Amino acid sequence: MYGLVDCNNFYASCERVFNPSLNGVPIVVLSNNDGCVIARSNEAKLLGIPMGEPAFKMKELIDSNQVVVFSSNYTLYGDMSNRVMKTLSTFVPSMEIYSIDEAFLHLNGFEHLDLDVFGRKIVRITTKNTGIPVSMGIASTKTLAKMASKYAKKYKGYQGVCVIDTEEKRIKALQKFDINDVWGVGRSYAKLMNDHGIHTAYDLTQRTKSWVRKNMTVVGERMWNELQGIACIEMDSTFAVKKQICTSRSFGTKLTEFHDIFEAVSNHAASCATKLRCQKSCAAGMLVFIMTNPFAEYDPQYVNSKHLFLSVPTNNTPEIIQYAKSLLQDIYKPGYAYKKAGVIITEIIPNSPLQADLFDTIDRGKQDKLLKVIDGLNGGLGSNMVRIASQGYSKKWKLKNEKQSKRYTTKLSEIIEVKADDLDV
DNA sequence: TCTGGGGTCCTAGGACCC
DNA sequence: TCTGGGGTCCTAGGACCC
């Protein structure tokens, strides 16, 4: 059996933990740059504020209902996530952290327990220990567990836990479940389902396996099996090394000058390099992209990217910034109002053993020592305390986050970052 | 006129997730 | 005025191998 534990309205709940006066008050959390609504408290959902909606379109609704608005605070959410996961890990020998606010628990070996009771204990203690309300779905496959967790959230009577452990319950759950809410059904499959008169999860299970295979490939076939109670999606508790690493941001304002955009790209490249070192990897290929604002219909549009294979794979910050600079130089064209830039590491390999270059001019041993010291300093004092000059301090590219809450869980670095700004002067 | 069989690897594009 | 960011997996088709 699989259990899926899912935090309720996670980002909104994180904000509430440190500001209990917000209980019962509608809250929304905005994406980077204060762009779109990415989390809503139940009260905000009831007001009809949709997920993913641009904030400016919701302004009237937000103002007239005194909705409290937050810019996203990922440092805080990441930290709260760690607390939740740590608590969950005390209940089972094996779990898989599926996203910032969800984890699958492996329940094999717990058959002797009343899973309903066990689930409620997990929900109760996790909420008590962290302040974050959670729900749990339990079933014989991951897809059914996801479904169960939605029921647990939707109906108060479940007390936070829904268990699908009999054929009767499975069929009933499938029949009442909108096909659009099934794990793995996105926009395009939703249309396909609609076109074929499939409205519930049950309807899909009534199609033949070959129909599903033909119209939805092997992905759909797995989904079909999972809904029937045949597990196809295994637990994966191993730490997964990323196959692709990307850092990109929209700018707070439009930028036209090369050096302003390069400052942003430098920071994105540095962040990619740090992420590479964190997972003990090197970049063997990378890509830089820039784009104008696609929503500004009447502005001239320009989107471009360029890819590069590295002769010696590296995770060295200055080196990666240099490559990024030359790529940016190749694609930058003056005269456009740029809105977004990003760096993507496309080919990732382990940092050891590494194929060296006979004619390499860089003393990599020495560089590695330097980077270790920099990572150590930044880890203790706050990220980017020590930085490459081209990363700059102009902050012209910095995004809007006018309504960010405090860094309640990571105060030390906050204090030191203030000092860093003083030093900058 | 007639032109094999069995593979691997890579990429772009499309689908999905949170 | 204002529209996020970071990932994974699958498939078809092309290039190549023997």
Side-chain angles (χ1 to χ4, degrees), chain A residues 4-7 9-11 28-39 50-60 62-63 69-74 77-78 81 96-104 142-143 146 149-150 180-193 213-223 226 232-234 236 240-254 264 267-268 271-272 275 279 284-285 287 289 291-299 305 307 309 337 339-348 398-403:
Chain A
L4 177 76
V5 179
D6 194 339
C7 300
N9 315 324
F10 182 56
Y11 297 167
V28 297
V29 179
L30 305 181
S31 64
N32 269 332
N33 235 0
D34 292 348
C36 298
V37 174
I38 53 166
M51 180 72 171
E53 193 74 357
F56 72 91
K57 287 188 182 170
M58 290 287 105
K59 193 169 184 330
E60 215 162 278
I62 284 171
D63 289 348
V69 178
F70 287 97
S71 303
S72 37
N73 185 344
Y74 290 109
Y77 309 150
S81 174
E96 173 187 346
I97 297 173
Y98 178 65
S99 73
I100 193 163
D101 73 330
E102 278 174 67
F104 286 104
K142 283 181 162 181
T143 307
K146 288 277 273 186
S149 86
K150 294 213 179 183
N180 299 318
D181 295 333
V182 172
W183 192 36
V185 174
R187 211 184 338 191
S188 129
Y189 282 152
K191 184 172 181 304
L192 181 79
M193 297 294 106
R213 175 79 195 214
K214 188 166 159 253
N215 289 281
M216 305 171 74
T217 77
V218 67
V219 181
E221 194 178 327
R222 274 202 289 259
M223 182 191 301
E226 285 254 319
C232 300
I233 306 172
E234 292 300 311
D236 183 9
V241 172
K242 288 195 171 61
K243 298 167 182 171
Q244 182 176 302
I245 286 174
C246 169
T247 306
S248 77
R249 294 283 183 280
S250 300
F251 307 136
T253 55
K254 290 175 201 157
N267 279 282
H268 300 339
S271 151
C272 284
K275 291 177 191 173
Q279 66 164 32
L287 173 148
F289 71 87
M291 61 191 288
T292 51
N293 183 1
F295 296 103
E297 287 176 42
Y298 302 108
D299 287 1
S305 63
H307 183 255
F309 286 107
K339 184 62 181 172
K340 185 173 180 176
V343 175
I344 305 175
I345 306 300
T346 50
E347 278 76 30
I348 294 179
K398 280 281 181 184
L399 27 97
K400 266 190 298 186
N401 56 349
E402 290 164 350
K403 289 151 183 161

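Values below: all heavy atoms of this structure, side chains included; hydrogens, waters and symmetry mates excluded. Sequence lines set the chain letters: A, B, ... in the order given, protein chains first and strands last, and positions in each chain run from 1. Because the structure is a prediction, the values reported are computed rather than measured.
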Item to check | Contact under 4.0 Å: Asn293(A) side-chain N or O vs dT3(C) OP1/OP2 | outcome: yes

Next on the checklist: Can you tell me which nucleotide in dT11(B), dG6(C), dC18(B) comes closest to the side chain of Arg249(A)?
Outcome noted: dG6(C)

Checklist entry - Quick one: Phe251(A) CZ to dG5(C) C1', roughly how many Å, whole number? => result 14 Å

Next on the checklist: Classify Asn32(A) by what it touches in the nucleic acid, base, sugar-phosphate, or nothing, heavy-atom distance under 4.0 Å.
Outcome noted: sugar-phosphate

Next on the checklist: Which residue in the set Thr346(A), Val343(A), Ile344(A), Ile348(A) passes side chain to side chain contact (heavy atoms under 4.5 Å, CB included) when paired with Ile245(A)?
Outcome noted: Ile348(A)

Checklist entry - Counting just side-chain N and O atoms, does Lys340(A) come under 4.0 Å of either OP1 or OP2 of dT3(C)? => result no

Checklist entry - Which sits closer to the 5' end of DNA chain C, Lys242(A) or Tyr11(A), going by the nucleotide each is nearest to? => result Tyr11(A)

Item to check | Minimum side-chain heavy-atom gap Asn401(A)-Asn32(A) below 4.5 Å | outcome: no

Next on the checklist: Applying a 4.0 Å non-hydrogen cut-off, can you work out what Lys59(A) is touching in the nucleic acid: base, sugar-phosphate, or nothing?
Outcome noted: nothing

Item to check | Rounded distance (Å) that lies between atom P of dA15(B) and atom CZ of Arg222(A) | outcome: 17 Å

Checklist entry - Nearest of dG7(C), dT11(C), dC17(B) to any side-chain atom of Lys146(A)? => result dC17(B)

Checklist entry - When the distance from CD1 of Ile100(A) to P of dG6(C) is rounded to whole Å, what number comes out? => result 13 Å

Next on the checklist: Within the 4.0 Å heavy-atom criterion, would you say Ser72(A) contacts the bases, only the backbone, or no part of the nucleic acid?
Outcome noted: nothing

Checklist entry - Thr217(A) side chain N/O closer than 4.0 Å to the phosphate oxygens (OP1, OP2) of dA15(B)? => result no

Checklist entry - Atom CD1 of Ile245(A) and atom P of dT8(C): how far apart are they, to the nearest Å? => result 9 Å

Next on the checklist: From C-beta outward on Ser250(A), which listed nucleotide comes closest to its side chain: dT8(C), dG4(C), dC18(B)?
Outcome noted: dG4(C)

Checklist entry - Which is true for Glu53(A) with a 4.0 Å heavy-atom rule: it touches a base, it touches only sugar-phosphate, or it touches nothing? => result nothing

Item to check | Lys243(A) side chain, from C-beta outward: closest of dC18(B), dC9(C), dC16(B) | outcome: dC9(C)

Checklist entry - With a cut-off of 6.0 Å (strictly less than), are more than 12 heavy atoms of other residues, nucleotides or ligands near NZ of Lys242(A)? => result no

Next on the checklist: Counting only side-chain heavy atoms from C-beta out, which of dT11(C), dG4(C), dG6(C) sits nearest to Arg213(A)?
Outcome noted: dT11(C)

Next on the checklist: Whole angstroms only, please: what is the CD-C1' distance between Glu221(A) and dA15(B)?
Outcome noted: 17 Å

Checklist entry - Quick one: on DNA chain C, does Lys275(A) or Cys36(A) contact a more 5' nucleotide (nearest heavy atom)? => result Cys36(A)

Checklist entry - With a 4.5 Å limit on heavy-atom distance, are the side chains of Asp101(A) and Tyr77(A) in contact? => result no

Checklist entry - In terms of side-chain heavy atoms of Trp183(A), which of dC18(B), dT11(C), dG4(C) is nearest? => result dC18(B)

Next on the checklist: Within the structure provided, determine whether Met58(A) and Pro50(A) are in side-chain contact (heavy-atom separation under 4.5 Å).
Outcome noted: yes

Checklist entry - With a 4.0 Å cut-off on heavy atoms, is Lys191(A) in touch with a base, just the backbone sugar-phosphate, or nothing at all? => result nothing

Next on the checklist: Measuring only between side-chain heavy atoms, which start at C-beta, is Leu30(A) closer than 4.5 Å to Val37(A)?
Outcome noted: yes

Next on the checklist: Using OP1 and OP2 only, check whether a side-chain N or O of Lys254(A) sits under 4.0 Å from dT1(C).
Outcome noted: no

Item to check | Short side-chain N/O contact to dT3(C) OP1/OP2 from Lys339(A), under 4.0 Å | outcome: yes

Checklist entry - Expressed in angstrom and rounded to an integer, what is the separation of Lys214(A) atom NZ from dA12(C) atom C1'? => result 17 Å

Checklist entry - Within this structure, what is the OH-to-C1' distance between Tyr298(A) and dC2(C), rounded to whole angstrom? => result 17 Å

Next on the checklist: If I pick the C1' atom on dG4(B) and the same atom on dC17(C), what distance separates them, to the nearest angstrom?
Outcome noted: 15 Å

Checklist entry - Asp101(A) near the nucleic acid: base, sugar-phosphate alone, or nothing, with a heavy-atom cut-off under 4.0 Å? => result sugar-phosphate

Next on the checklist: Any side-chain N or O of Ser248(A) below 4.0 angstrom from OP1/OP2 of dG4(C)?
Outcome noted: no

Checklist entry - When the distance from CZ of Phe56(A) to P of dG4(C) is rounded to whole Å, what number comes out? => result 10 Å

Next on the checklist: Rounded at 0.5 Å granularity, tell me how far CE in Met216(A) sits from CG in Leu192(A).
Outcome noted: 6.5 Å

